[in-house]
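Computed from heavy atoms alone, side chains included, the values below leave out hydrogens, waters and symmetry copies.
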Amino acid sequence: MEPEDLLENLDPEQRLAAESLVGPTCILAGAGTGKTRTVTHRIAYGIAKGYFAANRVLALTYTNRAAGELRARLRQLGVGAVSVKTFHAAALSQLEFFWPQFAGVPAPAVLESKARLISLVADGLKIRLDSGALRDIAAEIEWRKYSMLSMESYAGVAADRPKIAGLSVAKNLEIQEGYEAAKAKAQKIDWEDVLILTLGLLRAEPRALAHVQQQYRFFTVDEYQDISPLQHALLDAWLGSHSDLCVVGDPNQTIYSFTGATSEYLQNFATRFADATVVQLTTNYRSTGQIVSFANRLTAQSSVVDPLQSANAVGLAPRTLSFATTADEVNSVASAIRAKIDQRVKPSDIAVLYRINGQSELVENALAAQGIDYQVRGGERFFNRPEIQNAIRAIRAAAVVPSEKSLFELVAEICRSLGWQMQQPTEPGSNREKWESLNSLLAITEEMQTEATLADMAKELEERQRSQHEPVKAAVTLSTIHAAKGLEWDYVFIIGLTEGYLPISYAKTEAELREEQRLLYVAITRARKELTLSWSRADANSTREREPSRFFAMLQPRI
C-alpha cells in the first residue's frame, strides 16, 4: 500500500489534518466528525511517509475504552507498534520502571478503593457518610490533586468550593488530611499520586527525563479539552523542548470541569504554538440532519468552532415530551423501547440517558416490568459482582506464576473454576447473569494485545474499574450523560430534563450553567437516528412541582 492510499477515504477536512505531520497540530473535532479515524490515519500516514518512528509515538487517552479503540484501528492500518495508553497507564509504567532505580525499592502499590479508605477515616472521626457522600469527597480529592493544589493551598480555597457532602470546611479538611495520612501509613498511593510522583521524579532526575524523552518523540492527545493542569504538566515534561504534538478535542464537549479539567489549553493552543496548524472537522457522520440541527442550537453562541453539518439524511425531528409524574415518564420510555425491540431493533442500539446515577432505579424497574434486559453504565455493578471480584483476585494471584499458555487460555481456566462454561445457560436468572459476567470478562482478553500477560490483564481490569469502563452486552444501556461520552446509539431517550436535574441544582455560576448546557449537547449528539427528550412535573413520592429545563427554550427553532 502506498502512503497516499491511507488518505483515500478521508474527507477534505480530515485529509488536511492527516497531512499535517510537522510541528504542533490542533484538530477541533465536533461530535461525530470522525476524530478517531482522522487521528489513526494521521499516525499511520506519518509512519508510512517516514516522518514518525512507530516505536517513538505515544497516543494518550483518558479511558481504556478509547485506548482500546485506537489500538484496534491502528492495528488494522498495520501500525500496531505504536504505544497507546491512558495518562495513568503511561505514568504508572514509568513510575514502576524508575522508582526501584532511584529509590531502591519497588514503587508503592495503587490503592484499590479511595472510598473505602475515606469511609474508615470518617468512621474514626465519628462522621457518618453514605455512598453518595463518599463519592463526592473522592471527587473533591481528585479535583484538588488534578488542580495541583497542596493541602495548604486547598485550605485557602476550600471555603469558595461547593459544599462537599454537607460537611463544614473544617470537617472536609479533616477527612482529606486523614485520608492522606492513612494512605501514607498503608504505603499506598492513589491514581492521582501516580501522576504527581511521576512528574516529581522526572523533574528531579534528569537521567529519567532524558530516557523518557528519548523513548517518545511524537505525541497525540485525544479529548484535549478534558486535560487537567496536572496532566498537562506531565505532558510538558514528556514533550520537553520538542513540539511534535497533535491534540484533538471539542470545546463544546467540555464536561469534566469538576475534576479539574479545562478547555483553556485547547482554546489557547495556537497562542502557545505560534506555528500551529489548526484544522476544524465539522461534517457529522453519526446523526441525522434533524438531530444535528437540534444540537447546533445549544452551541449557536460558540465562537471557537463552527456549527456541525450532517452527512446523513434529514431524518425524524427529535421529540420533546412532558408527563405528570416520573413514573409516567419512565413507563412511557419502557413502552417505547418495548415497541422498538418488537420491531426487531437490537437492544444494544438503544440508550436511556440521565444526569445523575439516582435517576436510574425507576427506569430499571420499568424496563424489568417489560421484560427488557439492560445494563447500567457509570456505576460499579460489573466490578462489584462476587464472581468478577473472585476472578480478579485469581488473575492477580496467577500473574506471578510463569506460563506458556496464552492470556485467553489462562483467563478461561480461571472463569471455568468459577462456574463458566462454553454453553450459555438457557434459563434467565442468577446463573445466566453470572455466566454473562464471566463471559464479558473473558471477552476483554480479545481486546488486549497478542503478547499480553496475566499481569497486563490485572492492570487493565484495575484501570477499567477506576474509570468505570464496564463491558458492553447485548442489552439496553442506561447511563449518566458523563459516562455516555464517546458512545453512540441509534435510539436515545434523555429523561428527567427539569430544573434541578439538568441544569443540576448546585450549578449557580454562569460557567457552571454553561457546562450543564454542554452536557445536554453531549447527550443529544449520542443519537444516530431518533432522539426523545422528556421531563415530568413531579418526582415519585413528592408533591413539589418541577419546572422544565431552561434548555428547552434554547432548543426551539429560531424563526
Candidate pair Thr33 and Glu13, rule side chain to side chain contact (heavy atoms under 4.5 Å, CB included), full reasoning: CA-CA 10 Å; Thr33 56; Glu13 294 171 339; over 6 Å; no
Under 3.5 Å side-chain donor-acceptor pair for Thr453 and Asp456: yes
Separation between OG1 of Thr220 and CG of Leu245, rounded to the nearest 0.5 Å: 7.5 Å
Phe218 side chain near Asp244 side chain, heavy-atom distance below 4.5 Å: yes
Residues in salt bridge (charged side-chain N to carboxylate O under 4.0 Å, His left out) contact with Arg203, at least two apart in sequence or another chain: none
Ile43 and Leu74, any side-chain heavy atoms less than 4.5 Å apart: yes
Side chain to side chain contact (heavy atoms under 4.5 Å, CB included) between Tyr256 and Tyr146, intermediate numbers included: CA-CA 11 Å; Tyr256 288 105; Tyr146 280 131; over 6 Å; no
Partners passing ring pair (Phe, Tyr, Trp, His ring centres under 6.0 Å) against Tyr216 (at least two apart in sequence or in another chain): none
Residues in side chain to side chain donor-acceptor pair (under 3.5 Å) contact with Arg355, at least two apart in sequence or another chain: Glu516
Arg518, Gln267, Gln225, Glu264 screened by side chain to side chain contact (heavy atoms under 4.5 Å, CB included) with Pro251, the one that passes: Gln267
Value rounded to 0.5 Å, distance of CG in Leu111 from CD in Glu462: 10.0 Å
Side-chain heavy atoms of Leu502 within contact of Ile481, under 4.5 Å: yes
Within the 6.0 Å centroid threshold, strictly below: Phe269 and Phe273: yes
side-chain hydrogen bond (donor to acceptor under 3.5 Å, both in side chains) evaluation trace for Gln176 with Tyr154: CA-CA 10 Å; Gln176 291 202 43; Tyr154 175 74; 3.2 Å; yes
Note, Tyr354 side chain near Ser360 side chain (heavy atom, < 4.5 Å): yes
Trp238 six-ring face occupied by Arg217 cation (under 6.0 Å, within 45°): no
Residue pairs, two or more places apart or on separate chains, that pass salt bridge (charged side-chain N to carboxylate O under 4.0 Å, His left out) and touch residues 85-94: none
Stepwise side chain to side chain contact (heavy atoms under 4.5 Å, CB included) test for Ile27 and Cys246: CA-CA 8 Å; Ile27 304 172; Cys246 174; 3.8 Å; yes
More than 12 heavy atoms of other groups within 6.0 Å of Arg116 CZ: no
Whether Tyr224 and His232 hold their rings parallel, tilted or perpendicular, with breakpoints at 30° and 60°: tilted
Heavy-atom donor-acceptor pair, Ser263 side chain to Leu266 backbone, under 3.5 Å: no
Salt bridge (charged side-chain N to carboxylate O under 4.0 Å, His left out) involving Asp11 - partner list, sequence neighbours excluded: none
Residue pair Arg135, Glu140: steps toward the salt bridge (Lys or Arg N to Asp or Glu O under 4.0 Å) verdict: CA-CA 9 Å; Arg135 279 197 304 270; Glu140 186 70 359; over 6 Å; no
Qualifying residues under side-chain contact (heavy atoms from CB on, under 4.5 Å), relative to Gln101, sequence neighbours excluded: Phe97, Phe98
Residue list, salt bridge (charged side-chain N to carboxylate O under 4.0 Å, His left out) with Glu488, at least two apart or on another chain: Arg286, Arg528
Thr61 and Glu223: side chain donor to acceptor below 3.5 Å: no
Nearest heavy-atom neighbours spanning Thr445 and Leu442: OG1-O, 2.5 Å
Residues that Glu180 engages under salt bridge (charged side-chain N to carboxylate O under 4.0 Å, His left out), provided they are two or more places apart: Arg144, Lys145, Lys183
Side-chain donor/acceptor of Gln389 to backbone N/O of Pro386, under 3.5 Å: no
Distance (rounded to the nearest 0.5 Å) between Ser147 OG and Arg161 CZ: 7.0 Å
Closest non-hydrogen atom pair between Trp489 and Ser348, with its separation: CD1-O, 3.3 Å
Atom of Pro106, atom of Pro100 and distance for their closest heavy-atom approach: CA-CG, 4.2 Å
Electrostatic pair Glu19-Arg42, nearest N-O below 4.0 angstrom: no
Pairwise distance CG(Leu281) to CZ(Arg37) - rounded to 0.5 angstrom: 12.0 Å
Residues which pass side-chain contact (heavy atoms from CB on, under 4.5 Å) with Thr198, listed by chain and number, not counting sequence neighbours: Ala91, Gln94, Leu95, Val194, Leu202, Leu234
Evaluation steps, side chain to side chain contact (heavy atoms under 4.5 Å, CB included), between Leu134 and Leu129: CA-CA 6 Å; Leu134 291 172; Leu129 299 173; 3.9 Å; yes
Interatomic distance, Leu92 atom CG to Lys459 atom NZ [nearest 0.5 angstrom]: 5.5 Å
Closest non-hydrogen atom pair, Ala295 against Ile524: CB-CG2, 3.8 Å
Heavy-atom side-chain proximity of Ile356 to Thr480 below 4.5 angstrom: no
Distance flag, aromatic centroids of His482 and Phe258, threshold under 6.0 Å: yes
Of Arg65, Arg73, Arg71, the residue whose pairing with Glu69 passes side-chain hydrogen bond (donor to acceptor under 3.5 Å, both in side chains): Arg73
Residues, nucleotides or ligands: over 12 heavy atoms within 6.0 Å of Glu451 CD: yes
Asn284 (side chain) donor-acceptor with Ala31 (main chain) under 3.5 angstrom: yes
Side chain Asn268, main chain Tyr265, donor-acceptor under 3.5 Å: no
Ser287 (side chain) donor-acceptor with Ala527 (main chain) under 3.5 angstrom: yes
Sequence neighbours excluded and cut-off under 3.5 Å, please list the side-chain donor-acceptor pairs for residues 45-60, or say none.
residue	atom	partner	partner atom	Å
Tyr45	OH	Glu4	OE2	2.7
Arg56	NE	Gln214	O	3.0
Arg56	NH2	Gln214	O	2.9

Those residues that, when tested against Phe87, pass ring pair (Phe, Tyr, Trp, His ring centres under 6.0 Å) (two or more places apart): Tyr62
Listed partners of Ser437 passing side chain to side chain donor-acceptor pair (under 3.5 Å), at least two apart: Arg385, Glu387
Whether Ser403 side chain and Lys405 backbone form a donor-acceptor pair below 3.5 Å: yes
